[in-house]
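Just so we're on the same page: letters track the sequence lines, and every chain starts at 1.
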Amino acid sequence: MSNAKNIPLSFDFKTVEKKWQDYWLTNHTYEAKDGDVTREKKYILVEFPFPSGASLHVGHVFRYTAPDIYSRFLRQKGYNVLFPMGWDAFGLPAEEYARKTGQNPRITTEQNIDGIKQNIQKMGYSIDWNREFSTTDPEYYKWTQWIFKKFYEQGLATQKDVELWYCKNLGTVLANEEVYDSLNGEKLSERGDHPVEKKKMKQWVLKMPEYAEKLLTGLENTHFPEHIKAMQRTWIGKSEGVTVNWDLVPRDYIKMVNNYPAFPYNTEFGVGEKDFTKIIRERSTAFIRIKGTDKYLSYIQNRYNDKNWVFLPGGGVDIGETSLQAAIRETKEELGLSGLEYVADLGSINAFGHWTGQAQHSTEHYFLLEVSMDNIKMRVKAEVDDEKDEMYGHVRAVTLEQYKANNWPQLNYIIENLEEYLTTGKIDRLEQHNREIVIGTTNKGKIDRWKHQLNITGVKLVSAGDLGLTVGEIVENGNSELENARIKAKAFWQMAQKPSISGDSGIYLEGVPVNEQPSQNTKRAAGVVETDDEAMIWQKMVDFYISRVEKYGINGELNAYFLDVFSLYDGFNFYDVEVKRSIIITNQITYPDRKVFPLCNIYKVPKNGKYYYDLSSEEMDDFLIEYKEARNLLSSYLFDGEDASGHSSIVQTYTTRVDTLPSATFVVVAPEYSGLLELSSDEYKLSVATYIEQTKAKSERERQINKEKTGVFTGRFVTNPLTNELCPVWVTDFVLGSYGTGAVMGDAHDLRDAELALKYDIYLNENISKDGEKREDFVELLKAGEVFIEDGILYNSGEFSALNSDEAREKIAEKLLEIGKGMTKTNYRMRDFVFSRQRYWGEPFPFEYTNNGEIKVISDDKLPLVLPDLEDFEPSKDGRSPLAKSDWINIRDEQGSIVATHEADTMPNWAGSSWYYLRFTDPKNDEEFASEENLKYWLPVDHYFGGSEHTTLHLLYSRFWHKFLYDMGKVPTPEPYDYRTNGGILLGPDGSKMSKSKGNVIQPDDKLDSVGADALRIYIAFIGPYDATVIWQDGGLKACKTLVDRIWNLQSRVSFTSKNDLANNKKLYIAYNKFVKSVSNLLEEMKNNVAVAEIMTFTNLIRETPTIPLDIYEGFIKVVAPFAPHLCEELWSVLGNKTSIALSKWPTFDPELCIDNVVRYAVQVNGKVRADFEIEANVADVQVLEAAKLSVEKYLEGKTIKFSKIIPRKLVTLVVN
RNA sequence: GCUGAGGUGGUGGAAUUGGUAUACACGGAGGACUUAAAAUCCUCUGCCUCACGGAUUAAGGGUUCAAGUCCCUUCCUCAGCACCA
């Protein structure tokens, strides 16, 4: 008890904490040592703060304390710990402040950083301040710009016209994530709550979707908590489905249907199509009389020839006749039906009465009659009244033989023609449109091959030579194949004003500069003659490749791939298809997301130095599938490209449920669907246009809130590629223009589709049920909300019937591929990452725009492109940043005339924060963003702490940047972060979110003044799990202050003479060892709240011990040190230590001493605890059992023990009868 | 609706992963010291019952010698996504 003198009752935190903070800073106690191989490294990172105010928020304290405790623990455990801190200082608040005050954001930012840094230091965090930097430092953003340049050079950063949320008040565009829906449905900016509106602007975008697959699969190699992974997966939103091409029925055809008077429809109200499709659809039992022109007739014939339709010319309506009467008369006459039992139909004559008048205008009629090989059925459809009650007249079925036997002349005609139809193949529709397509080549032979490969007939193909072009005039040597194909296709368009295709095959050597690639004429240079033998082509090309490799002396692990490039240009869009196969020398590299198929492996045999290759048939199969897909994509354009009026003649839908395609009976497109108005028929244009306008006026919120489905008919039909069903095309706002193809098939197996169809009475059908049995009265069931959306067994699906959904999806996709009407496709919900901000306070883009509109990258030696100081921070009126108004954006030559401009936009916050963790490994480097050695040593970040608000944005963005840099060979790990923990939320004492208006904000400064950093740290640790939402309670803080004082006062009990006092004090030593073991484990799992509870318990124990052996005391304060570093540092130095306790060795424990020598057993009888007893720890089980029986004697009386079990050191369980 | 995490005293929350449920605190009650208050210290404190005892981890069922923990059903809370075909 040598130390009992003059110890104050409570810990003087004010002077002691300051003293040690200064000590740590001057002694660089927390310095992380680069490349220290004697210790294992740990990189602990917490999201660096945005210095928005002049002092630290309690939220920061809540978020930073646990990582600090963890860092300190690891440091004491002997790790080389990197725990850095910096500033994410670009961004809007500083700029907003500048607008109000005119003060340069640079100054505000510096002041805020100073203030917050002081606060952070007052908390005693073990940060290596040598590595501090701010994203606003030119030395830092030099490398942000450099990385962006790399994105640009790799084609991952491009400029795009983007419809964006524009905020007038802030004078900037905002990302979708920065806009939210207010309660009254208005879109507001997250910052400042100002209204926003849509505006189209040219923006830099990063093509993040190209990394979607990598970002998704990479998650598997991280230790993120499941909820974070789930959120990222949702955000990426991968779906695997099928695109389906639906042929549009030529518009003339529909026009005539609409005009035909025999159907009780009303074009103005958009119901006519319903009845018509219903009849067409039910044509296996319907008899239809219809009017049309020859052109239309031939279309119908072509379209339905496989269904054995026959068309008969019709006559007019006689005076005094109703149209039905005329129809029946004519039918009887022309088909010679007078002798048939047709009487049953007469009952419906009356029902036709009220649309009789319309028939009088008809002059030209055809009768449409379905004939199948074994019988002919006819029905007359009638509509009873406006309530759409329908009734069908009945006609007895007559066999074909019967008709033949009766020798009706008309019928003979039918049969003759029918047989002809059945033997004639499909007639090419394109012939009717006299299509011309330009193929971009001088080689006539190629045109023939195209025709052959793409199964094109009836298309007039024009070669470049016909247009007086030579390829050499158009393309540049050294371009990539794809590039050249595009250039050519576009050039041909300009010459011919016709859709144009360019095809090239080439070879691309990875790692070889673009301008040293073997040029676009590889195929010809390889001596490939025009042939369709693909295998031969590739073999020849492989030979050629090898010769190139040898000629250029390329060796090592070099990868090359063949390109077979198709590029098609229609004056508006490029349609690219790249078929790539890689050949790999010496080892195989895979590109999971690039669709590169190794066609053959090439081996170099060291002995003779020769190359060998082998073609694997499996890989060839893969290639052929891809080749077919490519072919289909092109041929679908060529074959279905445009209708006579120059508009697209297909609608492409995307679905993940292609198993429901057999019952798809309509197609819905988004209001944003491109070319929608042009597609719509004249009659429906107005209503479609109106609908589009209505949708635009609605906020997205309204579009969603209004659960009632709405839509309008476009007046057009498409045909189901599987069933040839005629399907109306509708517009509806629940289809999104920005996802998939902007068009969706409609069927009864989707809630939304069914809802829409029921509302507008669109024909519905089903083809899947649980057991493969048809659901009777399914329309009634649908109306009752019983929509069958699950997987099941198919029926009513032709060759696919009886398959289950999984099988059907596969088989139908195969079929679509085979018939050239669709292919599998993977879609991602994730969009391009819009990277421009119309702001001043951000990183300038490293580009110059020359006067003729070219973009030039600023060379590395001119980086950083420094942000100039301004005086006026008001954005310019056109939505551009204040930089647009300054002369900085002008680049002048020596005479002072403007030769180029800088970009007025700057980068968003996400730029600097996407890679800052890399810079911490080497913050002073001015040669590279960080040295390879340091990156290799420190990466990945072992544990990344941060806020849940960054789970999908920052975390995904920085993973994207990292993966990009990894692919560039600039960082050594595929993932930046190993573990990740999201911090919870600290609520005010009233249990609600802290806010100034509520007056429930806790100021860390106040608490530091009243209880000190150590008590505050312990309380933060104790308040609850790191990721929980917890409520601030002053009472809890007080208890922690008490704990600090109690630990402080332990000094008076320490015995400096007793050490290793195990013999006299075994109980205490056991408790101590258990304590160390427990806290060690808890800190490992970062259960800080429980660790503090253990510290409290143990403190309470040794407070009651008259003398505390020195070794126990030392170990104890070492364990407490991560929580209360100042206190323990002081106590440690009082013991005479000269080095920091933060660098002391974490105490060990003896597992033997964690076991009590006397244990207490609980005794259960039939599952109930009835007694307990104490017994020596090491006695035999038999004795334990005996003691147990003794303790529960009265419960065992007259009973027999049927079962007993001993859980060591815990309990004895007995089962009696 | 979908996805994820949960539901344990008046409150924040423990429970060695299937082994005595409610550790550690807050709050509450009583007491000591004090003229008094604050601070400090001590005792008690989940529920029903005077008690013996009993029920109890959202509710119900199951597996097990044994369930807060595993399985099924239902309900509820929080977070994210939200007409993504």
Which whole number of Å gives the distance between the [atom1] atom of [N] and that of [M]?
N       : M       : atom1 : answer
rC26(B) : rC76(B) : P     : 36 Å
rA23(B) : rU16(B) : C1'   : 12 Å
rU69(B) : rU63(B) : P     : 15 Å

Scan [X] against the nucleic acid and name what it touches under 4.0 Å (heavy atoms): base, sugar-phosphate only, or nothing.
X        : result
N1100(A) : sugar-phosphate
F1022(A) : base
K1038(A) : sugar-phosphate
T653(A)  : nothing
T1042(A) : sugar-phosphate

_Do R980(A) and Y944(A) form a cation-pi contact, if we require the NZ or CZ to be under 6.0 Å from the six-membered ring centre and within 45 degrees of the ring's axis?_
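Yes, a cation-pi geometry holds between R980(A) and Y944(A).
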*Close approaches to RNA chain B from residues 1081-1088 of chain A, in residue order (heavy atom, under 4.0 Å)*: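 Hits under 4.0 Å, by residue number: K1087(A).
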_Pairwise 5' ranking along RNA chain B for S239(A) and V1090(A), keeping only the more 5' one_ =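 Final value for this comparison: V1090(A).
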*Distance-only donor-acceptor test, K709(A) side-chain atoms vs rC83(B) base atoms, 3.5 Å*: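 Such a pair exists between side chain and base.
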*Does K1210(A) get its side chain close enough to the base of rU16(B), under 3.5 Å, for a donor-acceptor pair?*
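Per atom types, the contact qualifies.
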Side chains of residues 1020-1030 of chain A: which donor-acceptor pairs under 3.5 Å do they make with residues two or more places apart or in other chains?
{"residue": "Y1026(A)", "atom": "OH", "partner": "R63(A)", "partner atom": "O", "Å": "2.7"}

*asked:* Give me each pair satisfying salt bridge (Lys or Arg N to Asp or Glu O under 4.0 Å) with a member in residues 1073-1083 of chain A, each pair once, sequence neighbours excluded.
replied: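 Those involving residues 1073-1083 of chain A are K1074(A)-D1156(A).
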*For rU43(B), is chi within 90° of 0 (syn) or not (anti)?*
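For rU43(B), whose glycosidic angle is more than 90° from 0, the conformation is anti.
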